[in-house]
Each structure stands twice: as structure tokens, then as C-alpha cells.
Visitor: 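Got a structure for you, written out below as C-alpha cells; questions coming shortly.
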Amino acid sequence: MPIKDYFTDIKPTWCPGCGNFGIRTALAQALDELKIPNHKLLMFTDVGCSGNQSSWYKMYTFHSLHGRSLPPAIGSKIVNPELTVLVQNGDGGAYGEGTNHLIHAARKNINLIYMVHNNQRYSLTTGQATPTTDEGSKTKSTPYGATEPPINPLTLAIASGATFVARGFAGDLPHLKELIKAAIQHQGFALVDILQPCVVFNKDNTFEWFKERVYKLENHDTSNKLEAFKRAQEWNGENKKIPLGIFYQEQRPTLNKDKNLTQENIENVDISPLIEEFF
Ligand SMILES: Cc1ncc(C[n+]2csc(CCOP(=O)(O)OP(=O)(O)O)c2C)c(N)n1
Ligand code: SF4
């Protein structure tokens, strides 16, 4: 169906030129090519510029607290295994407030797609430094330059047990669309970290800056974990070339499909002793 059918009539409030627009288009194109109907889609968004989009999509959506998009997504996937569960997060929420959830969702190999709009800033709150801000970058909260090296989301996810780890760029939509499609088709926890220029609060990592540095992984064995670590380490926020693509993928038992982690049918269970004990 046309990609506009994945959107409501509400117009995005993002700034003109924001990288989020491209991500939204690439996602809708991926859903369209995979022919996933609206009623089979459940999207969770976090708090942030990226998070604001929950009411702009024609599908089931839930706007979570900041850094807490994964817990409700995990719960929903447990009880609705037939739905495609998408989670859209800013990097601040994903790699700051919500890091613990990322680690455990990856470790448990929860079958969902975690798309992180990585603009290296807390943008909705006007541009403070996040864990992915480049060392030395001047932001509202680091006027003399960020003093620590950034977190590497890819190595963090691989080390935590994620079974699909990829990096895309909001300035290369055909490639990003293919990554999103692969993440949706993957059975297990899929992280897609997306370089998303914030044209207002990040004057360091602009579209032009990325375009000069990104390149696509080729001849890379995605099943080789050590090699994946090595390639993911090529960029740690420095002024270097930045690889894009699927870094790591493996098949491991996942929730609902290979392991029945859902509750037994409790319709006929007598819970009155429990009620007596606790109330
Ligand atoms: C637990 C918590 N901490 C902080 C905030 C304040 N807050 C709201 S939006 C936001 C910035 C969001 O940044 P990010 O997650 O990177 O998303 P972006 O806006 O860049 O898309 C912050 C810090 C909050 N709402 N809740
Ligand atoms: S502040 Fe940045 S991330 Fe937020 S809508 Fe504007 S350009 Fe996009």
C-alpha cells in the first residue's frame, strides 16, 4: 500500500531538514515492501523529538516515559507475539536513561526492532550532551567540550547478546530501508542505530559531515562476533570513516517463537488463596 497509509493526517512538528523525516520515510517504505498491514504493527516511542511521532503513525502506538520504551514493548510482545513490535528512541533515552533495558532486552533476545534516532544530543530539551556526544563537542551542557569519550552502541549491544546489530544513516534512505527490512525479518532482538543529524542543536555531526565519512561494510562476515566488534570499533566518535550496514547477526532462541515464556492459561486457576494472603 502507499506509504502515506502508514501515517495519520497529523503533520510532524520536526524542524525543517531534521534527519527524523528520512527515518520515517525509510520505515514506511520497509513496511510497505514487506506488506505488513497497519493492524499487525505496534509501535512504542520514547520521550524526545523522535518520540513525538507516536500519534503520526496509523498503527497501534504507545508513548512511553523517557528511557522506558522497551519494558512496555517487551510486555506487549509477550502477550501479542503475532504483532511486529517497533520501538523508536532517541539516543539519550536509549543509551542514557534506558541503557539497562537495552542490555537485558538484548540478553533475553526479545523479538523486536529497536530503532535509535542517534543525533548525539538531548534535542527536545534543546541540545544537551548525551552518551554518544563526541568527545570535545560543545553543547549546552558542555560549553567547554564534552570531556568523556562516547559510548559505542554497537559494541555495547553485541556484548549484551543482541542477535542483530546494524548502523544506518538518515541521509541514505535506500540503504536504511534495507537495514530496517532485515531487522524486521530477523527473529530476535534487532538494534538499528541510525545516524540522525539534528540540524538545530548539533552543528558538528551534520549531513555533510556524515556524507564525507560514511561507507558501506563489504566482505564482512556478519556471523563472526570478533570481526563484528572490530568493525564496530572503527568509529568511536572520532574524526574517522564510519561503517554502515549489518555488523552482527546470529540465530538464537527467542521469546514466543522458540521459547514459550508466556504464562500458562490461567483461566481455571484458583487465585483466592493468594488474594487472602496479600489483601
Ligand atoms: C527520566 C527523564 N529524564 C529526563 C527527562 C527530560 N527530557 C525530556 S525530552 C529529553 C531529551 C530527549 O533526548 P533524546 O532521548 O536523545 O531524544 P531526541 O529529543 O534527541 O530525539 C529529556 C532529557 C524526562 N522527561 N524524563
Ligand atoms: S531539534 Fe533537532 S532532532 Fe529535534 S526536530 Fe529539530 S532538528 Fe530534529
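Start at 1 and go down the list; that is how both ligands and their atoms are numbered.
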Visitor: Listing request: all side-chain hydrogen bond (donor to acceptor under 3.5 Å, both in side chains) pairs with a residue in residues 22-31, at least two apart in sequence or in separate chains.
Guide: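 For residues 22-31: none.
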
Visitor: Should Thr125 be counted as touching ligand 1, given the test is an N or O pair under 3.5 Å?
Guide: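 No; every N/O pair is 3.5 Å or more apart.
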
Visitor: Under 4.0 Å, heavy-atom basis, I'd like to know which part of Arg121 is in contact with ligand 2: side chain, backbone, both or neither.
Guide: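 The answer is neither; Arg121 stays 4.0 Å or more away.
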
Visitor: Can you tell me how far the CZ atom of Arg213 sits from the CD atom of Glu208, to the nearest 0.5 Å?
Guide: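 Nearest 0.5 Å value for the CZ-CD distance: 11.0 Å.
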
Visitor: Closer than 4.0 Å to some heavy atom of Asn119 - which atoms of ligand 2 meet that?
Guide: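 Selected atoms, number and element: 3 (S).
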
Visitor: Show the atoms of ligand 1 that are less than 4.0 angstrom away from any heavy atom in Glu97.
Guide: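 Contacts of ligand 1 toward Glu97, numbered from 1: 3 (N), 4 (C).
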
Visitor: To check your reading of the model: name the closest protein heavy atom to atom 8 (C) of ligand 1, its residue, and the distance in Å.
Guide: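 Its nearest protein heavy-atom neighbour is Val47 CG1, 3.5 Å.
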
Visitor: Distance under 4.0 Å to a non-hydrogen atom of Gln196: what atoms of ligand 2 satisfy this?
Guide: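 So the atoms of ligand 2 that pass are 3 (S).
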
Visitor: Return the option from Gln53, Gln120, His66 holding the heavy atom at the smallest distance from atom 24 (C) of ligand 1.
Guide: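 Going through Gln53, Gln120, His66 one by one, His66 has the nearest heavy atom to atom 24 (C) of ligand 1.
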
Visitor: Quick check: does Tyr122 get an N/O under 3.5 Å from an N/O on ligand 1?
Guide: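 Looking only at distances, the answer is no, because the N/O contact criterion of under 3.5 Å is not met.
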
Visitor: Distance under 4.0 Å to a non-hydrogen atom of Cys49: what atoms of ligand 1 satisfy this?
Guide: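 Near Cys49, the atoms of ligand 1 are 18 (P), 19 (O), 21 (O).
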
Visitor: Leaving waters out, which protein N, O or S atoms fall under 2.8 Å from atom 6 (Fe) of ligand 2?
Guide: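 Near atom 6 (Fe) of ligand 2, the protein supplies Cys15 SG.
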
Visitor: Assess the pair Trp14 and Phe21: is the distance between their ring centroids shorter than 6.0 Å?
Guide: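 Centroid distance Trp14-Phe21: below 6.0 Å, so yes.
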
Visitor: Are any of the N/O atoms on Gly48, whether in the backbone or the side chain, positioned under 3.5 angstrom from an N/O atom of ligand 1?
Guide: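 Gly48 vs ligand 1: no N/O contact under 3.5 Å.
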
